[in-house]
Amino acid sequence: MWPLSSQTCVDLAVLDADLVGDVAWTALSTEDGDETIDGQDVRVNQVRIGADLALAARLGRAALAPFAKVYVRRDGGAGQTGAGVEVSGGLWAALGIVRLDAQARILALHSAEGYGERGAALTLTVGARGSKGLSLSVSPRWGDPALGAGALWEGPLGHGVRPQGPLSDRLTLDAQARYTVCLPGGIQLNLFGGHGDKAAGSRFGVRLGVAGKRPG
């Protein structure tokens, strides 16, 4: 915590707690051939349930929301299987059209001996407030995906087959442009394009989603 002067206005913080869960799966099938990736029929799945905690507050003109998440998960299919507990946390902040999202994640426990995951990400976004209009973001990431469900999609065969070296060995940088239109019922239409490392490459697409609850 930094010292606050008598002229600094701090709004009352509000604790938001949610019980959440998700299910994810991926599959890979390739035809027979002589290459390493040929002749594969792989399916991977993951089930998670846990709690999300966020403390939303305002410091002057800035909106702040430190958050923490704890999930119990079950990994199945090919690759690494078993049960585990993952913990993540970070800080979301916004000031005007500038937003910062910093988070880190670690697989604290897993039934598979010697298996682990850890990752961190920092995303800086410049764009219109309220998640409408044009926004530009850049995101350096270290290690495994900082969002747990994203770990399922890492590598061609899913989780459990990616390298487990130091975080600095897996530094990636991603940039994205997005234009968001708000539709009735709190639905958002996102048109996006971006470029990442060699694995992600360039991408363009459309997403439909529900507006989030973060302040600012």
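What you see is a predicted model; the values in this text were computed from it and never measured.
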For this session: Find out whether Arg61 and Leu95 are in side-chain contact, i.e. whether some heavy atom of one side chain is under 4.5 Å from a heavy atom of the other.
Result: yes

For this session: Please report the C-alpha distance between Val138 and Leu173 in whole Å, then the side-chain angles of each, then the deciding distance to 0.1 Å, and finally whether the side-chain contact (heavy atoms from CB on, under 4.5 Å) criterion is met.
Result: CA-CA 7 Å; Val138 60; Leu173 183 65; 3.7 Å; yes

Problem set entry | Donor-acceptor pair, side chain of Ser111 and main chain of Ala83, under 3.5 angstrom | yes

Problem set entry | Student check: side-chain heavy atoms of Leu100 and Leu122 closer than 4.5 Å | yes

For this session: Could you give me the CA-CA distance, side-chain angles and deciding distance for Phe67 and Asp101, then say whether side-chain contact (heavy atoms from CB on, under 4.5 Å) is met?
Result: CA-CA 11 Å; Phe67 58 89; Asp101 192 336; 4.0 Å; yes

Exercise. Could you go step by step and tell me if Tyr115 and Leu107 meet the side-chain contact (heavy atoms from CB on, under 4.5 Å) rule?
Worked result: CA-CA 9 Å; Tyr115 180 69; Leu107 184 61; 3.6 Å; yes

Problem set entry | Candidates Asp52, Ile49, Val87 - the one meeting side chain to side chain contact (heavy atoms under 4.5 Å, CB included) with Tyr71 | Asp52

For this session: Applying salt bridge (Lys or Arg N to Asp or Glu O under 4.0 Å), name anything that partners Arg74, two or more places apart in sequence or on another chain.
Result: none

Exercise. Are Lys69 and Glu86 within salt-bridge range, i.e. N to O under 4.0 Å?
Worked result: no

Seminar exercise, completed: Scanning both residues in full, the closest heavy-atom pair of Ser137 with Thr123 reads CB-CG2, 4.2 Å

Exercise. Asp174 and Ser139: side-chain hydrogen bond (donor to acceptor under 3.5 Å, both in side chains), yes or no, with the steps?
Worked result: CA-CA 5 Å; Asp174 184 86; Ser139 178; over 6 Å; no

Problem set entry | Minimum side-chain heavy-atom gap Trp142-Arg118 below 4.5 Å | no

For this session: Under the side chain to side chain contact (heavy atoms under 4.5 Å, CB included) rule, collect the residues that match up with Leu55, sequence neighbours excluded.
Result: Ala13, Leu15, Pro66

Problem set entry | Enclosure of Phe192 CZ (heavy-atom neighbours >12, cutoff 6.0 Å) | yes

For this session: For residues Val98 and Leu124, determine if any side-chain heavy atom of one lies less than 4.5 Å from a side-chain heavy atom of the other.
Result: yes

Problem set entry | Same apolar cluster (I L V M F W Y, side chains within < 4.5 Å links), Val47/Leu19 | no

Seminar exercise, completed: Scanning both residues in full, the closest heavy-atom pair of Thr125 with Ser135 reads CG2-CB, 4.0 Å

Problem set entry | Side chain proximity check, Asp75 to Arg73, heavy atoms < 4.5 angstrom | yes

For this session: With the side chain counted from C-beta on, respond yes when Asp22 and Val20 share a heavy-atom pair under 4.5 Å apart, and no when they do not.
Result: no

For this session: Among Ile, Leu, Val, Met, Phe, Trp and Tyr joined by side-chain contacts under 4.5 Å, find the other residues sharing a cluster with Leu53 and list them by chain and number.
Result: none

For this session: For Arg99 and Ala94, work out which heavy atoms get closest and say how close.
Result: CG-CB, 3.8 Å

For this session: For residues Leu136 and Gln176, determine if any side-chain heavy atom of one lies less than 4.5 Å from a side-chain heavy atom of the other.
Result: no

